[in-house]
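Okay, structure first, notes after.
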Amino acid sequence: YVVALIVPDWEALAADTGAAGEPSTLVDDERVRARFATVVDAVNQGLASFESVKYFTLLGRDFTETEGELTPTLKKKRRVIAQHFRDQIDPMFRAQKKVPTHA
């Protein structure tokens with residue numbers, strides 16, 4: 001099934017919702033997660049079950065070329081990202097972080 005690593009625009013999020021603080025703490029804030037659950041729900045609308053995002057994790061930092069996660073042309077290196085964020089990805093496949101559904 002589909003899972004997602006989401007890197008929020010923290011400045012835009014703070015301006016839009018008033019959520020303040022360090023990204024490393026905001027990734028676990030229930031209000032912030034609920035905001036992104038709504039976005040994920042909207043993206044999932046009209047998609048088949050196998051296409052929809054089942055679980056997501058918010059990341060406190062963007063992917064960088066310095067960390068080897070991006071090429072010089074800013075393309076994502078999926079294998080490197082999967083290795084670097086294994087601790088966030090594995091729990092999603094064990095179904096520990098569910099996307100809240102909003103009716």
Nearest heavy atoms of Glu67 and Val80, plus distance in Å: O-CG1, 4.2 Å
Whether Glu69 side chain and Thr64 backbone form a donor-acceptor pair below 3.5 Å: yes
Shortest non-hydrogen separation from Pro91 to Arg86 and the atoms involved: CD-O, 4.1 Å
For the student: nearest non-hydrogen atoms of Leu70 and Phe63, plus distance: CD1-O, 3.3 Å
From Leu47 atom CG to Gln45 atom CD, the distance as rounded to the nearest 0.5 Å: 8.5 Å
Minimum-distance pair of heavy atoms, taken over all atoms of Asp29 and Arg31: OD1-N, 2.7 Å
Close side-chain approach of Leu5 and Ile89, heavy atoms under 4.5 Å: yes
Residues forming a side-chain contact (heavy atoms from CB on, under 4.5 Å) with Asp9, sequence neighbours excluded: Glu11, Ala12
pair Leu58-Pro8: side-chain heavy atoms closer than 4.5 Å: yes
Linked, directly or transitively: Leu13 and Val39 (ILVMFWY side chains, under 4.5 Å): no
Donor-acceptor contacts, no H, no angles, side chain residues 19-27, under 3.5 Å, sequence neighbours left out:
from	atom 1	to	atom 2	distance (Å)
Thr25	OG1	Glu22	O	2.8

Flag, side chain of Asn44 to backbone of Val53, donor-acceptor distance under 3.5 Å: yes
Pairs touching residues 4-39 that satisfy ring pair (Phe, Tyr, Trp, His ring centres under 6.0 Å), sequence neighbours left out: none
Arg33 and Phe56, any side-chain heavy atoms less than 4.5 Å apart: yes
Side-chain heavy-atom pair Val7, Arg61 within 4.5 angstrom cut-off: no
Single-linkage hydrophobic cluster Phe50~Met92, side-chain heavy atoms < 4.5 angstrom: no
Ring geometry between Phe93 and Tyr1 (parallel below 30°, tilted from 30 to 60°, perpendicular above 60°): tilted
Gap separating the CD atom of Gln83 from the CZ atom of Arg78, nearest 0.5 angstrom: 13.5 Å
4.5 Å side-chain heavy-atom contact, Lys54 and Val2: no
